[in-house]
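Working notes for the structure below.
Letters A, B, ... mirror the listed sequences (proteins, then strands); counts begin at 1. Just so you know, these numbers use all the heavy atoms, side chains as well, and skip hydrogens, waters and symmetry mates.
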Amino acid sequence: MKLPLDFYRRPDPVGIARELIGKHLFTRIDGVLTGGRIVETEAYAHLNDQACHSHLGRYTARTKIMYEPGGVAYTYLIYGRYTLFNIITNEAGKADAVLIRGLEPLEGIPEMLLRRGITAVQRNLTSGPGLLTQALGITTAHYGTDLTGNFIWMEDQGEKVAYEDIIASPRVGIDYAGEDAALPWRFRLKDSKWVSPAK
DNA sequence: CCTGCGATGTCCT
DNA sequence: GGACATCGCAGGA
């Protein structure tokens, strides 16, 4: 079933990031269904987390969507070439987010290969936050997209992932966050080949 | 207005 | 292991 707004509008982005492992992410862009199983996430909290774009209430053109009620997409361009996809969680004004970092491709694989410009189903089809967005057709144009709508959504397909099968470790690429860089808020499905290659 | 750089990935050595 | 592409945004002037 499609994850409802209630799922997103809760506190504790860390718990939500963990719960999203084993859920499914779908897009229907230009009428084409693509999607897969989420195997890697990271949590970003508006409180006491220097790595979070909304840290200290920072409110800019880029971060304003984070202050909406949970259940919308936060997309942004990184390094001038990759779009990263986050879900916004919590209630309005409590700007938490979860970054989706790894996906096991399941649905619409031919279209995803086409978008990625590769011919074989291999790890770099959807392993990595900048790659899965390409495969799914997510761009900065999807900034603010309703995650319970018909373009981007998540589903619980009934899978129960065992606690010990989810590996928690420090987040990637946030050395600037000082001691918060050590927080174990990156979650990966154990033994999945579809987690991002990042250390 | 101007400058520096990032929640990355790829290619080269 | 290291260089670097490429551009919107953040922050300072």
Side-chain angles (χ1 to χ4, degrees), chain A residues 8 13-18 20-21 25 36 38-67 70 72-90 94-105 112-145 147 152 167-189 192-199:
Chain A
Y8 301 102
V14 178
I16 293 174
R18 180 186 281 278
L20 283 174
I21 301 296
L25 170 63
I38 297 167
V39 298
E40 181 175 345
T41 62
E42 282 179 0
Y44 290 86
H46 72 290
L47 288 176
N48 304 315
D49 175 14
Q50 296 178 59
C52 187
H53 290 164
S54 60
H55 178 59
L56 298 180
R58 216 165 84 197
Y59 188 94
T60 65
R62 183 175 71 159
T63 64
K64 66 181 180 191
I65 203 69
M66 300 182 76
Y67 297 83
V72 296
Y74 168 38
T75 57
Y76 70 95
L77 191 68
I78 186 80
Y79 296 109
R81 53 172 68 185
Y82 301 105
T83 302
L84 301 202
F85 169 72
N86 303 255
I87 64 162
I88 296 306
T89 68
N90 214 331
K94 298 184 177 177
D96 295 337
V98 177
L99 172 67
I100 308 299
R101 291 190 55 92
L103 199 72
E104 176 182 345
M112 291 198 283
L113 287 168
L114 203 61
R115 288 173 178 155
R116 288 280 301 113
I118 58 180
T119 54
V121 177
Q122 55 198 24
R123 200 165 69 147
N124 73 353
L125 178 57
T126 52
S127 297
L131 299 185
L132 66 91
T133 52
Q134 269 184 31
L136 293 174
I138 296 173
T139 70
T140 52
H142 298 101
Y143 185 85
T145 298
L147 296 176
I152 306 175
I167 300 168
S169 61
R171 293 167 295 176
V172 177
I174 53 157
D175 292 344
Y176 59 83
E179 60 189 29
D180 293 335
L183 293 169
W185 287 1
R186 177 193 189 190
F187 299 100
R188 283 177 286 171
L189 183 62
S192 171
K193 70 174 278 192
W194 300 105
V195 300
S196 74
K199 283 187 286 299

- Taking only residues two or more places apart in sequence, or in another chain, which ones meet A:D49 in a salt bridge (charged side-chain N to carboxylate O under 4.0 Å, His left out)? A:R171

- Item | Nearest-0.5 Å distance, CG of residue A:L25 to CD1 of residue A:I138 | 5.5 Å

- Task: In whole angstrom, give me the gap between the C1' atoms of B:dG4 and C:dC4.
- Result: 16 Å

- Could you tell me the separation between the CG atom of A:N86 and the OG1 atom of A:T75, rounded to the nearest 0.5 Å? 8.5 Å

- Message: Just to be sure I understand the geometry, which residues of residues 170-177 of chain A put a non-hydrogen atom under 4.0 Å away from DNA chain B?
- Response: A:V172, A:G173, A:I174, A:Y176

Expected rows: protein N/O vs nucleotides 1-4 of chain C N/O, under 3.5 Å:
none

- Task: Answer yes or no: does atom NZ of A:K64 have more than 12 heavy-atom neighbours from other residues, nucleotides or ligands under 6.0 Å?
- Result: no

- Message: Whether the side chain of A:H142 engages the backbone of A:T139 through a donor-acceptor N/O pair (distance < 3.5 Å, no angle test) should be reported.
- Response: yes

- Item | Close approaches to DNA chain C from residues 78-86 of chain A, in residue order (heavy atom, under 4.0 Å) | A:Y79, A:G80, A:R81

- Query: Among pairs that include at least one residue of residues 122-137 of chain A, which meet side chain to side chain donor-acceptor pair (under 3.5 Å), considering only residues two or more places apart or in two chains?
  - Reply: A:R116-A:Q134, A:Q122-A:N124

- What are the 5'-most and 3'-most nucleotides of DNA chain B lying under 4.0 Å from any heavy atom of chain A? B:dG6 to B:dT10

- Taking A:Y67 for its side chain and A:G57 for its backbone only, find out whether a donor-acceptor pair lies under 3.5 Å. yes

- In terms of the angle between their ring planes, are A:H53 and A:Y74 parallel, tilted or perpendicular, with boundaries placed at 30° and 60°? perpendicular

- Message: Run the side-chain hydrogen bond (donor to acceptor under 3.5 Å, both in side chains) test against A:T60 and tell me which residues pass, sequence neighbours left out.
- Response: A:T63

- Item | A:D180 side chain vs A:Q50 backbone, donor-acceptor pair below 3.5 Å | yes

- Using salt bridge (charged side-chain N to carboxylate O under 4.0 Å, His left out) as the criterion, list what pairs up with A:R101, not counting sequence neighbours. A:E40, A:E42

- Query: Roughly how far apart are A:M112 CE and A:I118 CD1, rounded to 0.5 Å?
  - Reply: 10.0 Å

- Note on the structure: Rounded to the nearest 0.5 angstrom, the CG-OG1 distance for A:L147 and A:T89 is 11.0 Å

- Query: What pair of heavy atoms forms the shortest contact from A:C52 to A:A45, and how long is it?
  - Reply: CB-O, 3.2 Å

- Note on the structure: Quick note, salt bridge (charged side-chain N to carboxylate O under 4.0 Å, His left out) partners involving residues 72-85 of chain A, not counting sequence neighbours, are none

- When rounded to the nearest 0.5 angstrom, what distance separates OG1 in A:T140 from CG in A:L84? 11.5 Å

- What interatomic distance, in whole Å, is found between P of C:dG1 and the corresponding atom of B:dA7? 22 Å

- Message: Using a 3.5 Å limit on both distances, find every run of at least three consecutive Watson-Crick or G-U pairs that involves DNA chain C.
- Response: B:1-6 with C:7-12, B:8-12 with C:1-5

- Taking the same atom, P, in B:dC2 and in C:dT6, what whole-Å distance lies between them? 23 Å

- Is the backbone of A:H46 close enough, under 3.5 Å, to the side chain of A:D96 for a donor and an acceptor to pair up by distance? yes

- How is A:R116 classified with respect to the nucleic acid when contacts are heavy atoms under 4.0 Å: base, sugar-phosphate, or nothing? sugar-phosphate

- Note on the structure: Counting primed atoms, P, OP1 and OP2 as sugar-phosphate and everything else as base, the B/S/- map of nucleotides 8-13 of chain C against protein heavy atoms under 4.0 Å is -SSS--

- Item | By salt bridge (charged side-chain N to carboxylate O under 4.0 Å, His left out) - contacts of A:R62 (at least two apart) | none

